Number of protein chains: 2
Amino acid sequence: MEIFIDLEDPNPLFAQLIQQIKDAILKGDLEPGAPLPSIRQLANELELNAKTVAKAYQLLERDSVIQTRGYRGTFVHPDAIANCGQDIAQLVLDKIGEAIETCREAGATDSEIRIAFSHAMNRTSRRN
Amino acid sequence: MEIFIDLEDPNPLFAQLIQQIKDAILKGDLEPGAPLPSIRQLANELELNAKTVAKAYQLLERDSVIQTRGYRGTFVHPDAIANCGQDIAQLVLDKIGEAIETCREAGATDSEIRIAFSHAMNRTSRRN
DNA sequence: ATATGTACCATACGTTGTAATGGTACAACA
DNA sequence: TGTTGTACCATTACAACGTATGGTACATAT
């Protein structure tokens, strides 16, 4: 694999990593079922912290782009190519956008929307 | 009127002011039709900036809790007591809360939700 | 032993963005 | 002249958040 991480890039490192892996899959450099480097191994290669790589892997697995099999390592998901396109972030953006639009039409102030958002997030908080 | 603003309270000052005025109305300390202090006057009493008080008054008027009559001053709305309860903020809270719940069920990270929220708010921004 | 992914602890840094502040000005009235 | 609410310019200060870092530990398997 050839992955280049640009420290000057305004995008977060883990986001760059995600994008590069997706690109590699879409280009065919990584085929479904193919093994990926271990977290620690890839962290060494790229001179990143293992946590950063782990974060990227976790998000990729959530999106069904890769599969982790515990001690056996990590592999490209069978349906990876299809799942590279559909982004959960897009769904989130749509849902949140709709809600905001509704609130604004009701006459809500941006400040109020922010306060409500803050409360709603803290009401049942999870750390990620 | 007896209003206490707590600088240590995590809630914004204008939000505290709104709540206190509503409370005063619900408690009967402020009756419908009663005059409120002018923006500058109240700002002096509470040692706040006039802009902060003005913001609170604007939101209260939007919710039909108070009425501003231009140069004549500001008064408690005739239907203030009823309008104190039904809060636009509550509707906002519900809508936003639903959207957040949907996103979380989809597996979205809190970070992703916050980022999406930020983007959605800035996409078509209005300052309030 | 060695390696896997994962979990938890914690901290430092930078950025972002709101809230709040200040000042000035206006038209409309007493 | 003084006051009302309102509007615009602007800046500062602060807190929240995300990112990335470091270390340690665990069960599971080769």
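Here is how names work: the chains are called A, B, and so on, in the same order as the sequence lines, proteins then strands, and each is numbered from 1. Just so it is clear, the model here is predicted, and its values are computed rather than measured.
- As a whole-Å value, the separation of L13(B) CG from dA19(C) C1' is 8 Å.
- The interatomic distance linking I18(A) (CD1) with dG18(D) (C1') rounds to 14 Å, in whole Å.
- Contacts of S118(A) with the nucleic acid, taken as non-hydrogen atoms under 4.0 Å apart, are absent.
- Nucleotide dG5(C) holds its C1' atom 14 Å from the CG atom of L42(A), rounded to whole Å.
- Atom C1' of nucleotide dT6(C) and atom CD1 of I39(A) are separated by 8 Å, given to the nearest angstrom.
- With rounding to whole Å, M121(B) atom CE is found 14 Å from dT16(C) atom C1'.
- Residue R40(A) is the one, among N11(B) and R40(A), whose nearest nucleotide of DNA chain C lies closer to the 5' end (criterion: closest heavy atom).
- If R69(B) and A50(A) are placed on DNA chain D by their nearest nucleotide, the residue sitting closer to the 5' end is R69(B).
- A donor-acceptor pair under 3.5 Å is absent between the side-chain atoms of D63(B) and the main chain of V65(B), judged by distance alone.
- In this structure, the nucleotide among dT21(D), dG23(C), dA30(C) sitting nearest to the side chain of K51(B) is dG23(C).
- Between I81(A) and E31(A), the closest side-chain pair of non-hydrogen atoms is not below 4.5 Å.
- OP1 or OP2 of dC17(D) lies within a sub-4.0 Å distance of a side-chain N or O belonging to R114(B).
- For NZ of K22(A), the number of neighbouring non-hydrogen atoms (other residues, nucleotides, ligands) closer than 6.0 Å is greater than 12.
- Between the side chain of S38(B) and the backbone N or O of Q41(B) there is at least one donor-acceptor pair closer than 3.5 Å.
- Heavy atoms of E61(A) sit under 4.0 angstrom from primed sugar atoms or phosphate atoms, though from no base atom.
- With rounding to whole Å, Y57(B) atom OH is found 11 Å from dT6(D) atom P.
- Distances shorter than 4.0 Å separate some side-chain N or O of K55(B) from OP1 or OP2 on dA19(C).
- With dA19(C), dT19(D), dG5(D) as the choices, the nucleotide that has an atom nearest any side-chain atom of S111(B) turns out to be dT19(D).
- Comparing dA20(C), dA7(C), dG5(D) against the side chain of Q58(A) picks out dA7(C) as the nearest.
- A close approach under 4.0 Å does occur between a side-chain nitrogen or oxygen of T74(A) and OP1 or OP2 of dG5(C).
- Between F14(A) and Y71(A), the residue anchored closer to the 5' end of DNA chain D is F14(A), taking for each the nucleotide with the nearest heavy atom.
- One finds a side-chain N or O of T68(B) lying less than 4.0 angstrom from the OP1 or OP2 phosphate oxygen of dT6(D).
- In this structure, T102(B) contributes its side chain and E98(B) its backbone to a donor-acceptor pair below 3.5 Å.
- Side-chain N/O atoms of S38(B) include none lying less than 4.0 angstrom from OP1 or OP2 on dT3(D).
- Under a 3.5 Å cut-off, the side chain of Q20(A) and the backbone N or O of I5(A) do not form any donor-acceptor pair.
- Nucleotide dG22(C) holds its P atom 5 Å from the CG atom of N49(B), rounded to whole Å.
- One interatomic measurement links the two molecules: CG of L46(B) to P of dA20(C), which rounds to 13 Å at whole-angstrom precision.
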